[in-house]
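Chain A is the first sequence line, chain B the second, and so forth, proteins listed ahead of strands; every chain is numbered from 1.
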Amino acid sequence: MIVRIMGEGQVKLADSHFAELNRLDDELLAELEQGDEPGFRRTLAALLARVREVGEPLPDDVLEPSELILPGPDATLAEVKAMLGDEGLIPGLPG
Amino acid sequence: MSGVMKRMGMIFRAKANKALDRAEDPRETLDYSYQKQLELLQKVRRGVADVATSRKRLELQLNQLQGQSAKLEDQGRKALALGREDLAREALSRRAALQQQVSDLETQHQTLQGEEEKLTLAAQRLQAKVDAFRTKKETIKATYTAAQAQTRIGEAFSGISEEMGDVGLAIQRAEDKTAQLQARAGAIDELLASGALDDPSGMAKDDIAAELDRISGGTDVELELQRMKAELAGGSGASQQAIEGGTEQDAAHRQQTGRPNFDKQ
């Protein structure tokens with residue numbers, strides 16, 4: 001599966017890593033919904049680090065559709081919340 | 001996956017599809033970006049030129065000061081020779097002040113030289129990057145144009161664009177569709193040529209029928225002419241000549257078109 005880290009690029013992940021990444025991802029979502037900024041930042045950093053560690057980076061000139069997308073390392077809780085909110089990733093366009 | 005990753009992915013895809021329809025032409029964006037890079041490169045080059053000019057100015061100043069310093073030393077020596085120690089002292093103290101300036105300027109010169117080398121290197125690297133970007137930009141533009149054309153072909157034939165999950169898939173399907181249509185067109189051509197299928201437009205048949213009509217019509221006229229001539233002259237070899245004439249005409253046509261008459265189907 002191909003995962004994009006926003007602002008960084010894409011990595012290819014083997015299916016065997018999904019259970020572990022899924023746990024971190026669910027944790028991240030819970031922290032996002034609770035508004036736990038420190039927890040969110042910590043989990044996001046851990047998730048990104050793990051994705052980079054186990055993923056195989058795709059060359060920049062290869063453009064494959066990403067099945068999963070992760071916010072960039074600098075993304076704040078508020079930004080990610082806004083991205084997932086009504087306005088979506090591209091404001092002004094209906095979801 | 002049900003967390004942030006999955007949700008962002010879904011939203012992104014939905015949004016990206018809509019955005020793609022409205023987005024400005026990416027080729028223009030690429031050209032604009034290249035223009036900006038060229039401007040940046042120009043700025044860096046101007047920076048290199050400015051630093052080099054300052055360095056040269058410093059070198060001139062240094063030469064001047066060193067000349068003055070040498071002159072003061074000479075004056076001090078002469079003053080001593082004339083027994084004017086006070087004058088010699090004055091000359092030497094002025095020279096010492098100049099030496100201090102020289103030393104300061106030398107430090108500045110070294111700094112500027114370092115800056116200049118760094119900037120030159122940066123300009124060279126930037127130039128290489130801008131060149132690489134230009135190549136990539138042209139490749140992307142060509143690919144985009146081709147993909148756009150292919151997508152249009154596909155969409156025009158079946159309106160498949162609404163089913164597309166993403167652009168990659170759209171292009172893939174458009175390519176498949178084009179290949180399929182090409183294969184189908186080829187197969188239809190073959191069937192028409194073999195006579196197994198009637199051309200619904202009737203075009204090919206009309207062409208050939210017209211050509212046959214033209215040839216046979218022409219031959220009929222020739223035959224008629226020959227017959228009339230034969231009647232008038234009372235000769236008997238006319239029919240044979242007429243047939244040969246028709247064959248020659250046919251051969252001439254083949255030579256003219258460079259192919260047999262029946263290859264149109």
Side-chain angles (χ1 to χ4, degrees), chain A residues 1-7 10-11 13 15 17-33 40 43-44 46-48 50-51 55 59-72 75 77 79-95, chain B residues 1-24 26-27 29-30 33-34 37 128-148 150-151 161-176:
Chain A
M1 202 176 266
I2 289 166
V3 178
R4 172 175 292 279
I5 300 175
M6 288 175 79
Q10 293 175 300
V11 292
L13 286 177
D15 291 2
H17 301 296
F18 280 139
E20 179 200 356
L21 294 173
N22 209 10
R23 270 198 302 278
L24 281 168
D25 193 25
D26 287 340
E27 201 178 315
L28 190 69
L29 185 66
E31 283 155 352
L32 181 84
E33 280 164 357
F40 173 82
T43 312
L44 177 62
L47 181 56
L48 289 176
R50 196 67 191 129
V51 168
D60 285 342
D61 53 349
V62 171
L63 192 66
E64 293 279 348
S66 309
E67 289 174 80
L68 299 170
I69 295 175
L70 268 168
L77 189 142
E79 282 169 351
V80 176
K81 225 172 190 169
M83 285 184 203
L84 296 176
D86 290 337
E87 278 289 90
L89 296 175
I90 306 158
L93 285 173
Chain B
M1 291 263 174
S2 58
V4 174
M5 279 205 261
K6 179 82 175 175
R7 283 172 62 176
M8 282 191 65
M10 282 162 66
I11 293 171
F12 192 89
R13 267 192 297 282
K15 292 282 185 184
N17 276 343
K18 288 194 171 67
L20 273 171
D21 294 338
R22 308 182 192 190
E24 56 187 317
R27 288 166 296 189
T29 316
L30 284 172
S33 174
Y34 178 61
Q37 288 185 26
K129 275 188 184 170
V130 172
D131 287 346
F133 180 79
R134 193 189 57 218
T135 313
K136 200 169 175 180
K137 167 179 84 84
E138 290 310 321
T139 313
I140 294 173
K141 275 169 72 179
T143 313
Y144 179 82
T145 309
Q148 206 182 30
Q150 282 171 330
T151 309
S161 62
E162 284 171 19
E163 304 165 19
M164 298 300 175
D166 56 66
V167 185
L169 197 58
I171 293 167
Q172 183 62 50
R173 287 205 197 168
E175 277 173 353
D176 290 351

### Message
To the nearest 0.5 Å, what is the distance between CG on Asp25(A) and CZ on Arg7(B)?
### Response
10.0 Å
### Message
Rounded at 0.5 Å granularity, tell me how far CG in Leu29(A) sits from CE in Met8(B).
### Response
12.0 Å
### Query
What part of Leu47(A) lies closer than 4.5 angstrom to a heavy atom of chain B: side chain, backbone, both or neither?
side chain
### Segment of Glu33(A) engaging chain B (4.5 angstrom heavy-atom cut-off)
side chain
### Task
Side-chain contact test, heavy atoms from C-beta onward, threshold under 4.5 Å: evaluate it for Ile69(A) versus Met5(B) and give yes or no.
no
### Task
Please name the pair of heavy atoms, one in Gly3(B) and one in Asp26(A), separated by the smallest distance, quoted to 0.1 Å.
N-OD1, 3.6 Å
